[in-house]
Amino acid sequence: MAVSRDNLVAWIEALQQVYNENKEYLTKLDAAIGDADHGINMNRGFTAVKTELESNPPDNIASVLKSVAMTLIKKVGGASGPLYGTFFLRASTAVTGKEELDAAAVVSMFETGFSGIIQRGKAEVGDKTMVDAWTPALAAMNEALDSDASLKEVLEKGAAAAEQGMKDTIPLQAKKGRASYLGERSKGHQDPGATSTCLMLQKAAELWS
Amino acid sequence: MAVSRDNLVAWIEALQQVYNENKEYLTKLDAAIGDADHGINMNRGFTAVKTELESNPPDNIASVLKSVAMTLIKKVGGASGPLYGTFFLRASTAVTGKEELDAAAVVSMFETGFSGIIQRGKAEVGDKTMVDAWTPALAAMNEALDSDASLKEVLEKGAAAAEQGMKDTIPLQAKKGRASYLGERSKGHQDPGATSTCLMLQKAAELWS
Amino acid sequence: MKKIINNPDDVINESLAGVAAAHADLVRVEYDPAIIVRVDAPVQGKVGIVSGGGSGHEPMHGGFVGMGMLDAACPGDVFTSPTPDQMEAATKAVDGGAGVLHIVKNYTGDVMNFEMAAELAQAEGTNVEAVVIDDDVAVQDSLYTAGRRGVGATVLAEKICGAAAERGDDLKTVADLCRKVNANSRSMGMALTSCTVPAAGEPTFQIGEDEMEIGIGIHGEPGRERMKVKSAKEIVGMMSEAIVSDLPFNSGDSVIAMVNGMGGTPLIELYLVYNELNEFLKEKGITIARNLVGNYITSLEMAGCSITLLKADDELLELWDAPVLTPALRWGE
Amino acid sequence: MKKIINNPDDVINESLAGVAAAHADLVRVEYDPAIIVRVDAPVQGKVGIVSGGGSGHEPMHGGFVGMGMLDAACPGDVFTSPTPDQMEAATKAVDGGAGVLHIVKNYTGDVMNFEMAAELAQAEGTNVEAVVIDDDVAVQDSLYTAGRRGVGATVLAEKICGAAAERGDDLKTVADLCRKVNANSRSMGMALTSCTVPAAGEPTFQIGEDEMEIGIGIHGEPGRERMKVKSAKEIVGMMSEAIVSDLPFNSGDSVIAMVNGMGGTPLIELYLVYNELNEFLKEKGITIARNLVGNYITSLEMAGCSITLLKADDELLELWDAPVLTPALRWGE
Ligand SMILES: Nc1ncnc2c1ncn2[C@@H]1O[C@H](COP(=O)(O)OP(=O)(O)O)[C@@H](O)[C@H]1O
Ligand SMILES: Nc1ncnc2c1ncn2[C@@H]1O[C@H](COP(=O)(O)OP(=O)(O)O)[C@@H](O)[C@H]1O
Ligand SMILES: [Mg+2]
Ligand SMILES: [Mg+2]
Ligand SMILES: [Mg+2]
Ligand SMILES: [Mg+2]
């Protein structure tokens, strides 16, 4: 399949449900090494995103992403607001004018969005952030693309790698974000932002197939 | 027996131990219908009393009582400070110049002290205060005196009546003191001040025999 | 018990030492007997104002000692009335020749101890008047009982009488003003949690995770009723209705309103309560002319709040607005 | 969860409405996006000062808006950085032509959101400088991490920069002063209990009846170490030692000292802590020139306290003493 504007909107709207259902879970993870609000932030953000998409439906893929970005930037705050906001803002620039996204275009969209996360947050792999989910996910997706996998296969590989990356954050000592204040004590806990990223990719893999 | 200055001091010093041992008990009673400090107050007061008697031993019965009074007035505060303080102050006026107290003199000492409690606190029988322990105790002691009982018998009758009076405070609705703020809800609890009075008389009955 | 203290027996003296070190420009502290005195006391020719009560209600009373408010405060043990010798020492220390007003909260202990102190001071030639504050509508008033408790109105009375004394009013005038403030004030409190007296080491009362106590006293005395925790709007409605109907406060009245925290409730909630109170009074046609929102008369670390309303007129507002310079309250000049 | 609130989602707006109603003489409140602005903003020709951060730290920042301190505050959700559109609106509202200083606490979220806001405001022609406050010695500083957290020094920086802006200093001077305050300040906090974020409904962390957390953050972030509750003297010793040795503060230094309550700790304990701090510093030959004791930068209803020291010189003391008129801090004139 190729991802249309409506497929994209369906994904975003599904994310609202995902973060609503995982609100407590993400918040619990954040309570352990942060300030107990990541689930609340993501849920508030995507609830606002859904409302905005419904009341002002943008008519193409790039403008959907831009609307998501602006809402997240306005409504989330915290670290994840500017990070995911910048992600969607950048992602939209990768798909300007496109009516449909094939596997390569989807990966390029994610990749461009991810470059915004890096630029905004300046985290590196191993810092125990969402970067630790995105990095292996993008590597896996690019590898799958290289072997001509279908969109579904590409996304499933990406989601699986994100999940692994998310789990791999557990032993890490945080270097960026609130968890870094804990030093050694941040070890042994899964990063909430890596978890919300993993959920995002899992939903895409589930829907775009 | 007759009560000498030393017997009096022995009683007061024993009261220090009594209130120390019953500190939690009296405070718990006060927590239910007051402000959770009656045991603390009595213990603080009689600890100071004992220290003062040891460092400045007064040489006669009246001056022992006066010393106790002044210390209680200075160190206790709350309702029980002025009440017991006035009690001992008045009691001392009833024994001026005496070297020994027979049964009648002991009862007269208590009775005069008690009149100070009434004057200071203006409570009546049934108001759920220490007055409800003193009133039956003095009645029982006077009755025993009339039938020529020994000091020991007089005090035992008094202590028993005080105990009954103390228990009889349980169903009462408080009209005076902090417990009165509770209205109906003060019913079903034993009055802490009646309890400290009962302990005082019990100790006298035990020691002066 | 979790507190940042050393020995429970030393809490008050060590805390007083902190006050002395922090506010040497405003007050001086004496320890035996314990009193907090305005740094320039006695002010010659000015009526002295003394208040006091159990500790654990900070900033009341020590935090209100200074220009335009109290001349001295007597800190008792936690939740226990101070003793006559403290009150006598305070009275002497602030007697500038124009007499001394004792502002006494209506608790049996406070009243009796202040009575004894007034007798002592008068015997030594100081003119003393005492006014007893009893503004708590949670308690049934009656001639045959100890009457209502003194709570939030004490803060308002101390501010207003302090201003009157500062402008030179005589003892009778200041005392009458105190009675006027008391007569026109009503309060009510509520608690979500108990407090723990340091020397007791355990919470004064047990309360369920979903319960609150309406009509609580400032010493953790049980209140009117235990009930499930309600919304802020309902809580404020219950308390305000009881207050407004008691005096009563009527449409067209102008009030000084205090939303007071019990010590463990954050400011964000107190402002939310103030918003509800403002809405409630607006509907009744009552206007808030002045307000205080914060922790002024507390119960150690108790979570909860109280509301106090004082029917105001031009005289009271003028005295309210007069300058005050104390550790806990300052404005004007 | 026990709080005096209505719907958890409405806490901030309803509390802001209370602030607006209580302090209409000092501030005005806007709701979309949410900002608290000095009533006479923009002050022409004066550098505007904007701060902000998650809510739940009241009185910071909204309680510090007014003459001599902040021109505007941006209240985020509880413990969540505000959003760039709030910061942009605040920046515009206070721009009197002399530029605007953003005082930012060093948290990834706050820093990134303020960065985005500054880009937006600068794009529209407002001159913006941002200073990041990072005074918390509980956190290891390093080039490779997010660095230290911003805590108590924020209050001191807001007061001092506010005074500088009020006397007419230009943007660069005010920003340099802010950097100077930050460079000379160190803080550390501790907690006895957790706080509960209203939307989360449960305590942020579990802590035993006999435990405390040293080095806690103002959002309930775990600290340096969990240990048995110690005496006030030991607690103050641990925190002060960490603070003093970090800068370091030396014998002969004069400091502005803040003993800050986390929201659920009563004033009686804070003064006791101040007493211990005063003793500790005296032994080191360090003098407290000015102090603040109270709840200034809180964590909802958390029980605990923090200590902040700022090495003071004549310039800083003069700015500290300059008049300030805000809901939570006022003196001078
Ligand atoms: N510099 C950064 N770069 C990338 N991701 C980051 C960075 N800082 C924090 N994060 C991510 O943000 C997550 C926390 O988000 P959230 O709880 O919503 O914000 P806050 O920490 O402000 O409360 C972390 O779990 C981490 O994955
Ligand atoms: N007016 C009164 N007359 C006699 N006894 C009283 C009066 N008011 C209170 N009491 C007694 O004082 C006791 C409480 O003493 P205490 O707890 O030490 O003081 P406080 O109530 O000030 O905390 C009550 O249990 C009651 O017996
Ligand atoms: Mg978080
Ligand atoms: Mg009591
Ligand atoms: Mg008491
Ligand atoms: Mg946050």
Side-chain angles (χ1 to χ4, degrees), chain C residues 2-7 11-12 14-22 55-56 58-59 63 78 190 192-193 195 209-210 212 229 231-233 235-236 259 263-276 278 288 291 293-295 298 300-301 303-305 325 327-328 330-333, chain D residues 2-7 11-12 14-22 55-56 58-59 63 78 190 192-193 195 209-210 212 229 231-233 235-236 259 263-276 278 288 291 293-295 298 300-301 303-305 325 327-328 330-333:
Chain C
K2 279 186 154 186
K3 291 181 187 293
I4 314 175
I5 59 174
N6 298 305
N7 187 328
V11 169
I12 290 169
E14 293 179 357
S15 185
L16 284 177
V19 169
S55 292
E58 290 68 23
V78 172
M190 58 80 60
L192 291 173
T193 66
C195 50
E209 227 342 281
D210 58 347
M212 64 177 186
V229 174
S231 72
K233 186 178 283 306
I235 292 169
V236 172
V259 168
T265 286
L267 213 47
I268 194 171
E269 293 176 38
L270 297 181
Y271 277 109
L272 194 152
V273 165
Y274 184 77
N275 182 45
E276 293 296 347
N278 190 40
I288 302 181
N291 68 79
V293 182
N295 291 293
T298 62
L300 295 169
E301 72 279 64
C305 69
L325 183 60
R330 53 180 80 184
W331 61 65
E333 281 303 65
Chain D
K2 277 185 157 189
K3 291 181 186 290
I4 314 175
I5 60 173
N6 298 307
N7 187 329
V11 168
I12 290 169
E14 292 179 359
S15 185
L16 284 177
V19 169
S55 292
E58 291 68 23
V78 172
M190 58 81 60
L192 293 172
T193 66
C195 50
E209 228 341 282
D210 59 347
M212 64 177 187
V229 175
S231 72
K233 187 177 284 306
I235 292 170
V236 171
V259 169
T265 286
L267 212 47
I268 193 169
E269 293 176 36
L270 297 181
Y271 277 109
L272 194 152
V273 165
Y274 184 77
N275 182 47
E276 293 296 347
N278 189 41
I288 302 181
N291 67 80
V293 182
N295 291 293
T298 62
L300 294 170
E301 70 280 65
C305 70
L325 182 60
R330 53 179 79 184
W331 61 63
E333 280 303 66

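Here the structure is a predicted model, which means the values were calculated and not measured. Note: hydrogens, waters and symmetry copies are ignored here, and every other heavy atom, side chains too, is used. Letters A, B, ... are given to chains in the order of the sequence lines, protein chains preceding strands, and every chain is numbered from 1.
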Ranked by heavy-atom pairs below 4.5 Å to chain C, first place among D/M212, D/K233, D/E14, D/M190 goes to D/E14
Looking only at D/G294, D/P327, D/A20, D/P266, the option with the highest number of non-hydrogen pairs under 4.5 Å against chain C is D/P266
Contact part of [X] toward chain C, heavy-atom cut-off under 4.5 Å: side chain, backbone, both or neither?
| X | result |
| --- | --- |
| D/N278 | side chain |
| D/I235 | side chain |
| D/V273 | side chain |
| D/V11 | both |
| D/N7 | neither |
| D/A303 | neither |

Within a strict 4.5 Å, meaning less than it, do heavy atoms of the [X] and [Y] side chains meet?
| X | Y | value |
| --- | --- | --- |
| D/K3 | C/L272 | no |
| D/E58 | C/L270 | no |
| D/C305 | C/I4 | yes |

Quick one: [atom1] on [X] to [atom2] on [Y], what's the gap to the nearest 0.5 Å?
| X | Y | atom1 | atom2 | result |
| --- | --- | --- | --- | --- |
| C/E269 | D/K2 | CD | NZ | 12.0 Å |
| D/N275 | C/L16 | CG | CG | 9.5 Å |
| D/I5 | C/E276 | CD1 | CD | 11.5 Å |

Heaviest contributor of heavy-atom pairs below 4.5 Å to chain D, chosen from C/A328, C/A21, C/G304, C/G263, is C/A21
Of C/G56, C/S55, C/A17, the largest count of non-hydrogen pairs under 4.5 angstrom with chain D goes to C/A17
Applying a strict 4.5 Å limit to non-hydrogen atoms, the region of C/N291 in contact with chain D is side chain
Of all heavy-atom pairs linking C/Y271 and D/A22, the shortest is CE2-CB, 4.0 Å
Heavy atoms of C/A232 and D/N6 approach each other most closely as N-OD1, 3.1 Å
